[in-house]
K.L.:
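Structure below; questions to follow.
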Amino acid sequence: MNVLEKVKNMQEERGWSTYKLALESGLTQSTLSNMFARGTCPTVDTLEKICDAFGISLSEFFEESDRKTHVSKEELELLRKYRALTDKEKDAVKSMINALFRK
């Protein structure tokens, strides 16, 4: 499956039109429409925006496994912020989360 087919399949899975993908990705509808009409592979920057809209990373997009986990935009943002923390800060976050689940 090529990149454009995969993007189209992901749109269909979510019931998204090209307009909806444009809104979610921050790309213009004409950019996406032209990409599909011409059959041109998106640039890495464009594909990153599309992946962000779908709540997945580029590596998840290219993953061949059938075991895909869809991550929401909010979860992806939390993961990005977590990765920017120091080890001490990460330990504090883990402790807080563990304490919430002990209730």
K.L.:
Can you tell me how far apart CD (E5) and NZ (K8) are? Round to the nearest 0.5 Å.
P.N.:
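Taking CD in E5 and NZ in K8, the distance rounds to 11.5 Å.
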
K.L.:
So do the side chains of L23 and W16 get within less than 4.5 Å of each other, counting heavy atoms only?
P.N.:
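L23 does not reach W16 side chain to side chain.
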
K.L.:
State, with a plain yes or no, whether a side-chain heavy atom of L4 is found less than 4.5 Å away from one of P42.
P.N.:
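They are in contact (side-chain heavy atoms under 4.5 Å apart), so the answer is yes.
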
K.L.:
What residues form a side chain to side chain contact (heavy atoms under 4.5 Å, CB included) with S95, not counting sequence neighbours?
P.N.:
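Side chain to side chain contact (heavy atoms under 4.5 Å, CB included) list for S95, sorted by chain: empty.
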
K.L.:
Hey, are the side chains of K6 and V3 touching, using non-hydrogen atoms and a 4.5 Å cut-off?
P.N.:
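Not in contact.
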
K.L.:
When rounded to the nearest 0.5 angstrom, what distance separates CG in L79 from CD in E74?
P.N.:
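Output value for this atom pair is 12.5 Å.
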
K.L.:
Over all heavy atoms of both residues, which pair between S57 and C51 is shortest? Give the atoms and the distance, please.
P.N.:
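Closest pair (atom of S57, atom of C51, distance): O-SG, 4.0 Å.
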
K.L.:
Between V7 and L32, is there a side-chain heavy-atom distance shorter than 4.5 Å?
P.N.:
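They are not in contact (no side-chain heavy atoms under 4.5 Å apart), so the answer is no.
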
K.L.:
Once rounded to the nearest 0.5 Å, what's the spacing between atom CD1 of I50 and atom OG1 of T31?
P.N.:
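With rounding to 0.5 Å, CD1 (I50) is 9.5 Å from OG1 (T31).
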
K.L.:
Would you please name every residue forming a salt bridge (charged side-chain N to carboxylate O under 4.0 Å, His left out) with R83, sequence neighbours left out?
P.N.:
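Checked R83 against salt bridge (charged side-chain N to carboxylate O under 4.0 Å, His left out); zero matches.
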
K.L.:
Test of understanding: clusters of I, L, V, M, F, W, Y form through side-chain heavy atoms closer than 4.5 Å, transitively. Do Y19 and M35 belong to the same one?
P.N.:
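In one cluster: no.
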
K.L.:
By salt bridge (charged side-chain N to carboxylate O under 4.0 Å, His left out), which residues pair with K90, not counting sequence neighbours?
P.N.:
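Result, salt bridge (charged side-chain N to carboxylate O under 4.0 Å, His left out) vs K90: none returned.
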
K.L.:
Any chance you could lay out the side-chain contact (heavy atoms from CB on, under 4.5 Å) test for E63 and I56, step after step, and finish with the verdict?
P.N.:
CA-CA 11 Å; E63 186 178 276; I56 61 171; over 6 Å; no

K.L.:
Is there a path of hydrophobic side-chain contacts, each under 4.5 Å between heavy atoms, that joins F54 and L78?
P.N.:
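Hydrophobic grouping puts F54 apart from L78.
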
K.L.:
How long is the straight-line distance from OG of S25 back to NZ of K20, given to the nearest 0.5 Å?
P.N.:
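Here the rounded value is 11.0 Å.
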
K.L.:
Just wondering, are more than 12 heavy atoms of other shown residues or ligands nearer than 6.0 Å to OH in Y82?
P.N.:
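Atom OH in Y82 is packed in, count exceeds 12.
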
K.L.:
List the steps, then state whether side-chain contact (heavy atoms from CB on, under 4.5 Å) holds for T46 with K49.
P.N.:
CA-CA 5 Å; T46 298; K49 290 176 182 178; 5.8 Å; no

K.L.:
Within this structure, what is the CZ-OG1 distance for the pair F36 and T18, rounded to the nearest 0.5 Å?
P.N.:
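So the CZ of F36 and the OG1 of T18 are separated by 5.5 Å.
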
K.L.:
Report the distance from atom OG of S33 to atom CZ of R38, rounding to the nearest 0.5 Å.
P.N.:
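If I round to the nearest 0.5 Å, the distance is 10.5 Å.
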
